[in-house]
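Only one structure is covered here, and it is reproduced in the block below.
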Amino acid sequence: MKKTLIITGGAGFIGSHVVRLFVKKYPQYRVVNLDKLTYAGNLENLRDIEKLPNYEFLKGDIVDGEFILDTFRKIQPDGIIHLAAESHVDRSISNPMDFIMTNIVGTVNLLNAARDCWKDNFSDKLFFHISTDEVYGSLGSTGHFTEETAYDPHSPYSASKAGSDHLVRAYHDTFGLPAVITNCSNNYGPNQFPEKLIPLFINNIKNNKPLPVYGEGINVRDWLFVEDHAAAIDLVFHKGKPGETYNIGGNNEWKNIDLIRKICGIMDNRLNRNPGTSEKLITFIKDRAGHDLRYAIDSSKIKNELGWAPSLMFEEGIEKTIDWYLNNQEWLNHVLSGDYEKYYEKQYSNR
Ligand code: NAD
Ligand code: TYD
């Protein structure tokens, strides 16, 4: 069946993997990647698919309500997969307002445009909102987040995502908008901006720079390989039930310090350094404000109802990820120097 999709935030880390999956797997779909290209949006992530006939890129800001309305009227999407967001907790602590604007106002603009475009005739339409497990707050040393866990966000990032989740549910309950939400745990893999833990530390180890560990490194995250998240998004988009929420997680909890030591060990091996060399770069720093202790996802609903499970063991995923960053130094150089921002001008300025 033919479909037109708008994927927001498709130039970012997870979005680029989702765009690639949909463009390649569904040649009959028209896939429009709508992205503002903030510091986190990098079209080089999609170099390999940008010439495919079912892919289009549209530069735009979801905070601009008129632009979004106009775009929806022109494109007439059947589905929205909404990943555009400000996504880094540390940035949300230093500048919360960008998070409120993009994550909350931007989401409402998309919801309004979807209603307008679909004229409240919602058959075969879907608004798919991608969210995070961070909306549920922090766990103690036991237990898991389920879809019924009450929201309890602590950072401006997670609070803004919680706000957007509530609004998506409100549009479903109030206007009947067919909407589905997924809340996923921490992703890792190729193409992640090196401000997040894993790519930052790989790059620092390579360059013999300190590894700044918050607090005592005892916080726990549940890590999922990004392509497994993209596969879950594909499944929920096609088989998920409107009105439902699905938690997605790797069943793969790591205390930060253990994960960092693991990465150090693999890096020593890859860089032919003596065992223990990279660990010497670990530097404990003042804890992050409002730092959630532990996230852990119960993904039995998506497993039982839709048949999803992570495909990659963590050992394989983390080695694959480290090798990707080591083998893609040009990508990393462009990101670190800001040169990737010129790619759009070069590729798209005369279109
Ligand atoms: P990212 O920061 O790598 O990418 C975000 C993308 O959104 C970028 O391409 C950016 O240019 C675009 N964008 C930002 N503001 C925009 C705006 N105003 N208008 C249009 N585009 C804009 O983020 P990510 O890690 O790929 O996360 C994608 C989504 O998944 C987010 O909604 C995030 O909350 C969610 N999520 C992320 C994780 C994770 O571990 N990274 C886990 C669970 C959920
Ligand atoms: P991060 O990748 O920022 O993801 P999130 O905060 O959304 O979970 O951080 C993952 C964990 O690593 C988190 O507990 C904070 C910690 N961390 C550090 O200790 N040092 C760092 O420099 C970064 C970026 C994160």
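All ligand and atom numbering here is 1-based and tracks the order in the structure.
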**Sub-4.0 Å atoms of ligand 2 with respect to non-hydrogen atoms of Glu134** = 5 (P), 7 (O), 8 (O)

**Asked** Can you list the ligand 2 atoms lying under 4.0 Å from a non-hydrogen atom of Leu200?
**Response** 22 (O)

**Request:** May I ask you to establish whether Arg91 and Tyr39 are in a cation-pi arrangement, using a distance under 6.0 Å from NZ or CZ to the six-membered ring centre and at most 45° from the ring axis?
**Result:** yes

**ring-ring contact (aromatic ring centres under 6.0 Å, His included) contacts in which one or both residues fall within residues 75-104, not counting sequence neighbours** = His82-His129

**Message:** Heavy atoms only, cut-off 4.0 Å: how does Asn186 contact ligand 2, side chain, backbone, both, or neither?
**Reply:** side chain

**Prompt:** If you measure every N/O of Asn256 against every N/O of ligand 2, is any gap under 3.5 Å?
**Reply:** yes

**Asked** Is Asp78 salt-bridged to Lys3, going by a charged N under 4.0 Å from an acidic O?
**Response** no

**Request:** Inspect the contact between Asp70 and Arg73 and indicate whether a charged nitrogen and a carboxylate oxygen are less than 4.0 angstrom apart.
**Result:** no

**Prompt:** Hey, which atoms in ligand 2 end up nearer than 4.0 Å to a heavy atom of Pro212?
**Reply:** 18 (C), 19 (O), 20 (N), 21 (C), 22 (O)

**Request:** Could you say whether the N/O atoms of Asn219 and ligand 2 ever approach to under 3.5 Å?
**Result:** no

**Polar side chain donor-acceptor pair, Asn256 to Tyr214, under 3.5 angstrom** = no

**Message:** With heavy-atom distances below 4.0 Å as the criterion, list the atoms of ligand 2 near Val89.
**Reply:** 6 (O), 7 (O)

**Request:** Consider every N or O of Arg288 and every N or O of ligand 2, then say whether any pair is closer than 3.5 Å.
**Result:** yes

Are there any protein N or O atoms under 3.5 Å from the N or O atoms of ligand 1? List them with distances, or say none.
from     : atom 1 : to     : atom 2 : distance (Å)
ligand 1 : 2 (O)  : Ser87  : OG     : 2.7
ligand 1 : 3 (O)  : Phe13  : N      : 3.0
ligand 1 : 9 (O)  : Gly12  : N      : 2.9
ligand 1 : 9 (O)  : Asp35  : OD1    : 3.3
ligand 1 : 9 (O)  : Asp35  : OD2    : 2.6
ligand 1 : 11 (O) : Asp35  : OD1    : 2.6
ligand 1 : 11 (O) : Leu37  : N      : 3.4
ligand 1 : 11 (O) : Thr38  : N      : 3.0
ligand 1 : 11 (O) : Thr38  : OG1    : 3.1
ligand 1 : 18 (N) : Asp61  : OD1    : 2.8
ligand 1 : 18 (N) : Thr102 : OG1    : 3.0
ligand 1 : 19 (N) : Ile62  : N      : 3.0
ligand 1 : 21 (N) : Lys36  : N      : 3.0
ligand 1 : 23 (O) : Ser87  : OG     : 3.3
ligand 1 : 26 (O) : Phe13  : N      : 3.3
ligand 1 : 26 (O) : Ile14  : N      : 2.7
ligand 1 : 32 (O) : Leu83  : O      : 3.0
ligand 1 : 32 (O) : Lys161 : NZ     : 2.7
ligand 1 : 34 (O) : Tyr157 : OH     : 2.7
ligand 1 : 34 (O) : Lys161 : NZ     : 3.1
ligand 1 : 40 (O) : Asn187 : N      : 2.9

**Prompt:** Heavy atom under 4.0 Å from ligand 2: found in Phe201's side chain, backbone, both, or neither?
**Reply:** side chain

**Asked** Should you measure from each heavy atom of Val213, which atoms of ligand 2 turn up under 4.0 Å away?
**Response** 19 (O)

**Item:** Interfacing atoms of ligand 2 (cut-off 4.0 Å, heavy-atom, Glu195)
**Value:** 24 (C)

**Item:** Residues forming a ring pair (Phe, Tyr, Trp, His ring centres under 6.0 Å) with Phe284, sequence neighbours excluded
**Value:** none

**Message:** Show the atoms of ligand 2 that are less than 4.0 angstrom away from any heavy atom in His88.
**Reply:** 3 (O)

**Message:** Using heavy-atom distances only, which candidate in Asp287, Asp222, Leu197 approaches atom 10 (C) of ligand 2 most closely?
**Reply:** Leu197

**Distance-only polar pair, side chains of Trp331 and Asn45, donor-acceptor under 3.5 Å** = yes

**Lys59 and Asp35 ion-paired at < 4.0 Å** = no

**Asked** Can a salt bridge be assigned to the pair Glu244 and Lys301 using a cut-off of 4.0 Å between side-chain N and carboxylate O?
**Response** yes

**Request:** Give a yes/no verdict on a cation-pi contact between Arg221 and Tyr295, requiring under 6.0 Å between NZ or CZ and the six-membered ring centre and an angle within 45° of the axis.
**Result:** yes

**Prompt:** Listed by chain and number, what are the side-chain contact (heavy atoms from CB on, under 4.5 Å) partners of Leu43, not counting sequence neighbours?
**Reply:** Ala11, Asn33, Leu37, Tyr55, Phe57, Tyr343, Tyr344, Tyr348

**Message:** Between Asn219 (side chain only) and Arg294 (backbone N and O only), is there a donor and an acceptor less than 3.5 Å apart?
**Reply:** no

**Message:** Taking distance alone, with N or O pairs closer than 3.5 Å, would you say His291 contacts ligand 2?
**Reply:** yes

**Message:** I need the nearest protein heavy-atom contact for atom 18 (C) of ligand 2: residue, atom name and distance, please.
**Reply:** Tyr214 CD1, 3.3 Å

